[in-house]
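One structure is given below, encoded as C-alpha cells.
Letters A, B, ... are given to chains in the order of the sequence lines, protein chains preceding strands, and every chain is numbered from 1. Both backbone and side-chain heavy atoms feed into the values below; hydrogens, waters and symmetry mates do not.
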Protein chains: 2
Amino acid sequence: MTMGVRHDDLRKRNRAMVIAAVRREGQPSRTDLVNRTGLSHSTISAISSDLIAEGVLRQVKGTGNDIVRRGRPQVSLGLEPRAGTVLTVVLLLNTLSATVIDYSGRTIAERRERLSTLTISRDELVDAVCAMVEGVLSDSGHEAGDVMRMTMAVQGITDSDARALLWTPITPHSGIAFADLLENRFGFPVTVQNDCNMIALALRARDPERYRDNFVTILLSNGIGMGLVLRGELFTGAYSSGGEFGHMIHRPHGALCRCGRHGCIEAYAGNYAILRASEGYSDQSEPDADVDQDTMLRLAGDARRQDGPARDAFTRAGEALGYGLGSLFALIDPAPVAVVGPGTLAFDIIEPAIRKAIAQTAGGQHDAVISFDLQTDEMPLILEGCARKALEAVDTELFAPGYINAMQAAAG
Amino acid sequence: MTMGVRHDDLRKRNRAMVIAAVRREGQPSRTDLVNRTGLSHSTISAISSDLIAEGVLRQVKGTGNDIVRRGRPQVSLGLEPRAGTVLTVVLLLNTLSATVIDYSGRTIAERRERLSTLTISRDELVDAVCAMVEGVLSDSGHEAGDVMRMTMAVQGITDSDARALLWTPITPHSGIAFADLLENRFGFPVTVQNDCNMIALALRARDPERYRDNFVTILLSNGIGMGLVLRGELFTGAYSSGGEFGHMIHRPHGALCRCGRHGCIEAYAGNYAILRASEGYSDQSEPDADVDQDTMLRLAGDARRQDGPARDAFTRAGEALGYGLGSLFALIDPAPVAVVGPGTLAFDIIEPAIRKAIAQTAGGQHDAVISFDLQTDEMPLILEGCARKALEAVDTELFAPGYINAMQAAAG
DNA sequence: CTCTTTTTTTCGAGCCTCGAAAAAAATAAT
DNA sequence: ATTATTTTTTTCGAGGCTCGAAAAAAAGAG
C-alpha cells in the first residue's frame, strides 16, 4: 500500500513535471522551467536535452514573443507534435463527434454527425462510435496503430475506472463497456469520462487564475450535470464518476425525475421540468427526453415578459439549484461556480432565485465568494477538456512512467 | 506551486514512511518494514539506525509475540516514548478535558472537568482551557517547554488552517482564535480540529480494514456532526473544517434549526428536534441547547412502545438523515457509515427510516454497501483521534521535515 | 572588436537507494 | 560440544540523481 520512493522515481517525477510545465506554459525557455519547477539549471538542462533527444520536446525558434534584450537569447521549448497522436470522442444526446489531435494539442481532423441516440440499438450505437473513429482517423491520415490514447466523453454516469458508461439519459441502454469494446477493436487504450468533468478540466486550463483548487461547474441542459474540482483535483466517486448534483434530493417525494426517483434537483431545474411546469402539467408527468432550444427561449421570453407559470417555473428551478448549491457548500465550502450550457441563456431569470435560496443555507454567509461565470456553448469545452485529459495521460504514462507510483507513494 | 523534487526529499520522505509504519504496526521488525514500505534492506537498515541514534525509535526486546523459530530472531522496533510529548484538549458542551501523551501514544496524565460552556464569558472559557493545560501538565510532571504540539478538538466549525473555532453550539461566542491564544501563552504549536474529524481518524486507526479510503462518520447528539474521509484523506472545506452535513437543507423553509436557518437536517434529527416533535411543540419553536440523555432514553422508550408523536419524531429524524445521506452519496458514492454518539441508543428506531429514505435517492441502488456501525461513546474516539493527529504531525514535521513539501510536489 | 549580460551546458561533489555479500544470531543436526 | 542451517541485519561498492560553481555560448552595448 504505502510504498517507499525508489531512487529513479525522482527522475521520472521531474520529467513529468517538466513535460507538464511545457504543456501548461506553451513555449517556456529552460530558465522559465527552472523558475516554474524549482529544479536547478543543471537538472532542467539534462532533462530537457533527454526529452528533445527522445522526440518529446523540440526547440522552437523565433516565437515572436522573445523580448529583444542583452544576453544570450532564451530558446523556447515546445511539445513535438509528432511525438504522438490522441483521439477524442464526444457522445451527447443526438450528437457524436470525434477528433484527432497531435501531441502539441493541435486538431488534425474532426468529424461530427447527428445520431438518434434515444432510439438506436446498443450495437448500432457502438458501431456508430467505431465507424466515427475510423472515419476521422482516415481523414487525419493516421492509422489506429499511431494513436496513443483515446478519451471518450459522455453525458451520464461512468464507472470510477473510467472504462464504462453506467447510465446515461441519451439512450435507454446502460452499462456499455466502451473502453473494453474500443480497446479490443482498435488496440489503443481508452478511457470513458463524464462530460461535465471534462468541462471542468477545460476551464482550469483556460483560466487557471480563477479555476484552480476548488470550483464547481454546473451544466444546465435537459438534465443537470456537475463537475467538481477539489484541492486541485477532479473529484470522482468511489464507484462512479460521482458528482450527481442533479440527483441530490431537493424535495422528498417531490417532482418526478428522469431517473425515476422523486424530488431530485433536476426534476425542478432541468429543461423538461421547466417546460412541464410552464405548460401547467403535473410535476409527476413523464419527463421529455429532449426539449429544443427554441422552446426554452420562448419560455424564457414569457418569463421575462410577465408574471405567470413560466416565471414561476424558472424561479422554482433557481430555488432547486440554489438549495442544492447551498447543501453542496455546507459540505465543501463555497467555491466559484461556472454555469455552462443552454440553460445560461435564461440565467438572468434564474440567478436571483438561486442567490435567494443560497442565502437561506449554510453557504449563504459567503455570498461574495459565490460568483457565477457563464459559458453558453459547452461543446468546445468538452472537446478541449477531453483532449487535455488524453494528452496528459500520454505525458505521464508514456514519457514519465512511474510517476503514478510516486504519486501514490506520496499520498499513501 | 508545482515544485521539483530535491534529492534529499527522498530521504525525508522515506524516513517519514518508516516512522508512520512503526506507528501503525506497533512493533515491526526491520524485515516487516521492508515488506511494508517496499524499500530495500539496506535502506531500512540505514534509516532505522539513524532514527535509533536520534532517539526517535528504539529496539524492543522480548515483545512476547516473537515466534520461536530457526534463524536470527527479528528485533522489534518501537517508538521511543521519551522522543516527545504531546497534549490534547477536548472541548465539548459542558465538558473540558486534557491529556498528556508520550511519543509512543501512552497517556501520562489526564484531567476532565465540567464547565458551563453555554453561560461563561469568552475570557473565562479561554482561561479555563489554559488552566486545564497547566493542570494536566503539572500532573504529568512536564513543563510547557517539553510539549512538542497540542491538538484541540472542539464541537463546531473550525477554520481550514485549524487555528480558530469559527462557530460552535457550545457557547454563544464565535471566532475564538484558540491556536494563537494558546501558542502565545505556552509556546508550542497548536491546531484546532473538529471533533467529528478526530472521530474519523480514530476509527481509521482502530479498524483500517473497514475504514480506509472512503467512509463517513455521523455524530448523533443534540446536533448532527460529520467526519468524512475521501481517498484516504480527511476531507475539509476550503475555508472551514467543512462537512456540515447537519446543515444541508432537508426541507426548504422547514423546521427551525439551532443555527438560525430553516429546514436543516439537524432541525429534524438533532436531539432537540426529536424532543420538540415528541412533545408536540411547533417545529419553529426555539431549540434546546442541550437535552439530557435520560429524556432521550425516555422518548426512545415511548417510540418503541407505541405509535405516537415520539415514534413519528424518530421516524422523521431518520428520514432527514436518510435523505441527507442519499444526497451525500449522490455526490461521493456510497461508503460505510459509522454512527457515533448518544443517538445510537435509539438507532434501532431510526435505522428503518434512514434506509427507506436512502432507497428513494441516488444512493439507494447500492444498499448493500451502506452499512451502519454503531459506537455509542464518542469521547474515547475523539481523544484517540486527537492524540493521533498530534503525534502524526510530530512524526512528519519534526522527524522528517520536508516530507510535506515532497507531498505537495507530488500532488501538484 | 571588446565588454557586458543572460542563458545554457559541463563537471565534480555529495547523497541516496540498491543488490550482493558478509556478518550476526538463533535453532537443528551430528 | 560442535557443526550445519536458517533467518535477520549490516556492510560495501556501484550506479543515479540533483546541485552549485564554473565554463561556454550567444546575443547586444559601447
Side-chain angles (χ1 to χ4, degrees), chain A residues 3-18 22 27-53 57-63 65-77 400 402-403 405-406 409, chain B residues 3-18 22 27-53 57-63 65-77 400 402-403 405-406 409:
Chain A
M3 291 300 273
V5 185
R6 305 289 180 75
H7 196 230
D8 41 339
D9 289 339
L10 215 60
R11 179 40 82 86
K12 288 167 185 163
R13 276 267 309 273
N14 288 337
R15 278 170 64 102
M17 197 139 15
V18 168
V22 173
Q27 301 200 312
S29 69
R30 290 173 177 79
T31 307
D32 292 336
L33 292 174
V34 167
N35 298 329
R36 199 58 61 177
T37 62
L39 294 169
S40 69
H41 285 217
S42 346
T43 304
I44 291 296
S45 180
I47 290 177
S48 51
S49 76
D50 280 1
L51 290 173
I52 290 169
L57 297 184
R58 64 169 181 180
Q59 305 206 136
V60 185
K61 282 167 195 167
T63 51
N65 59 358
D66 38 327
I67 319 108
V68 179
R69 70 181 150 184
R70 211 163 167 154
R72 179 172 175 172
Q74 301 190 351
V75 180
S76 295
L77 297 175
Y403 179 66
N405 295 335
Chain B
M3 291 299 273
V5 185
R6 304 288 180 75
H7 196 233
D8 41 339
D9 289 340
L10 215 60
R11 180 39 83 87
K12 287 167 185 162
R13 276 266 309 272
N14 288 336
R15 277 170 64 102
M17 196 140 15
V18 167
V22 174
Q27 302 199 312
S29 69
R30 289 171 177 79
T31 306
D32 292 335
L33 291 175
V34 167
N35 298 329
R36 199 57 62 177
T37 62
L39 295 169
S40 70
H41 285 264
S42 346
T43 304
I44 291 296
S45 180
I47 290 177
S48 53
S49 76
D50 279 1
L51 290 173
I52 290 169
L57 298 184
R58 64 170 180 180
Q59 305 206 135
V60 184
K61 282 166 196 168
T63 51
N65 60 359
D66 36 326
I67 319 109
V68 178
R69 70 180 150 184
R70 212 162 167 156
R72 179 173 174 171
Q74 302 190 351
V75 179
S76 295
L77 297 174
Y403 178 66
N405 295 335

Requested in this report: Going 5' to 3' through nucleotides 25-30 of chain C, assign each nucleotide B (protein heavy atom under 4.0 Å from a base atom), S (under 4.0 Å only from sugar-phosphate atoms) or - (no protein heavy atom that close).
Outcome: BBBS--
**Report entry** Rounded distance (Å) that lies between atom P of dT7(C) and atom CG of Asp32(A)
**Finding:** 9 Å
Requested in this report: May I ask you to evaluate whether Arg13(A) reaches the phosphate of dC17(D), defined as a side-chain N or O under 4.0 Å from OP1 or OP2?
Outcome: no
Query raised in the report: For Leu39(A) and dG16(D), what is the distance between atoms CG and P respectively, to the nearest whole Å?
Result: 20 Å
Query raised in the report: Does Arg11(B) have any salt bridge (charged side-chain N to carboxylate O under 4.0 Å, His left out) partners at least two apart in sequence or in another chain, and if so, which?
Result: Asp50(B)
Report summary line: So OG1 of Thr37(B) and CZ of Arg13(B): to nearest 0.5 Å the spacing works out to 12.0 Å
Query raised in the report: Is Thr43(B) near enough to dC18(C) that one of its side-chain N or O atoms lies under 4.0 angstrom from OP1 or OP2?
Result: yes
Query - Contacts of Ser40(B) that satisfy side chain to side chain contact (heavy atoms under 4.5 Å, CB included) - sequence neighbours left out - result: Ser42(B), Thr43(B)
Query raised in the report: Can you name the side chain to side chain contact (heavy atoms under 4.5 Å, CB included) partners of Ser45(B), sequence neighbours left out?
Result: none
Under 3.5 Å, which protein N or O atoms sit close to an N or O of nucleotides 10-15 of chain C? Give each pair with its distance.
unit_1, atom_1, unit_2, atom_2, d
dC15(C), O2, His7(B), ND1, 3.4

Query raised in the report: Rounded to whole angstroms, how far apart are CE on Met17(A) and C1' on dC17(D)?
Result: 14 Å
Query raised in the report: Are any non-hydrogen side-chain atoms of Val22(A) and Leu33(A) less than 4.5 angstrom apart?
Result: yes
Query - Length of the NZ-P vector between Lys12(A) and dT17(C), whole Å - result: 16 Å
Query raised in the report: Whole Å only: how far is the CD1 atom of Ile47(A) from the C1' atom of dT18(D)?
Result: 9 Å
Query raised in the report: Taking only residues two or more places apart in sequence, or in another chain, which ones meet Ser49(B) in a side chain to side chain contact (heavy atoms under 4.5 Å, CB included)?
Result: none
Query raised in the report: Under 4.0 Å between a side-chain N/O of Asn14(A) and OP1 or OP2 of dT18(D), yes or no?
Result: yes
Report summary line: Taken to the nearest whole Å, CG/Asp50(B) to C1'/dC16(C) is 12 Å
Requested in this report: Indicate yes or no: at least one non-hydrogen side-chain atom of Gln74(A) is less than 4.5 angstrom from one of Arg69(A).
Outcome: yes
Report task. Quickly work out the Asn35(B) CG to dT9(D) P distance and round it to whole Å. Result -> 11 Å
Query raised in the report: Bend across the helix from dC1(C)-dG30(D) to dT30(C)-dA1(D), to 10°, with axes taken over 5 pairs at each end?
Result: 20°
Query - Distance, rounded to the nearest Å, where Arg15(A) contributes CZ and dG16(D) contributes C1' - result: 14 Å
Report task. Have a look at Thr31(A) and say if it touches a base, only the backbone sugar-phosphate, or nothing, with a 4.0 Å heavy-atom cut-off. Result -> sugar-phosphate
Query - Residues in side chain to side chain contact (heavy atoms under 4.5 Å, CB included) contact with Arg30(A), at least two apart in sequence or another chain - result: Ile44(A), Ser48(A), Ile52(A), Gln59(A), Val75(A), Leu77(A)
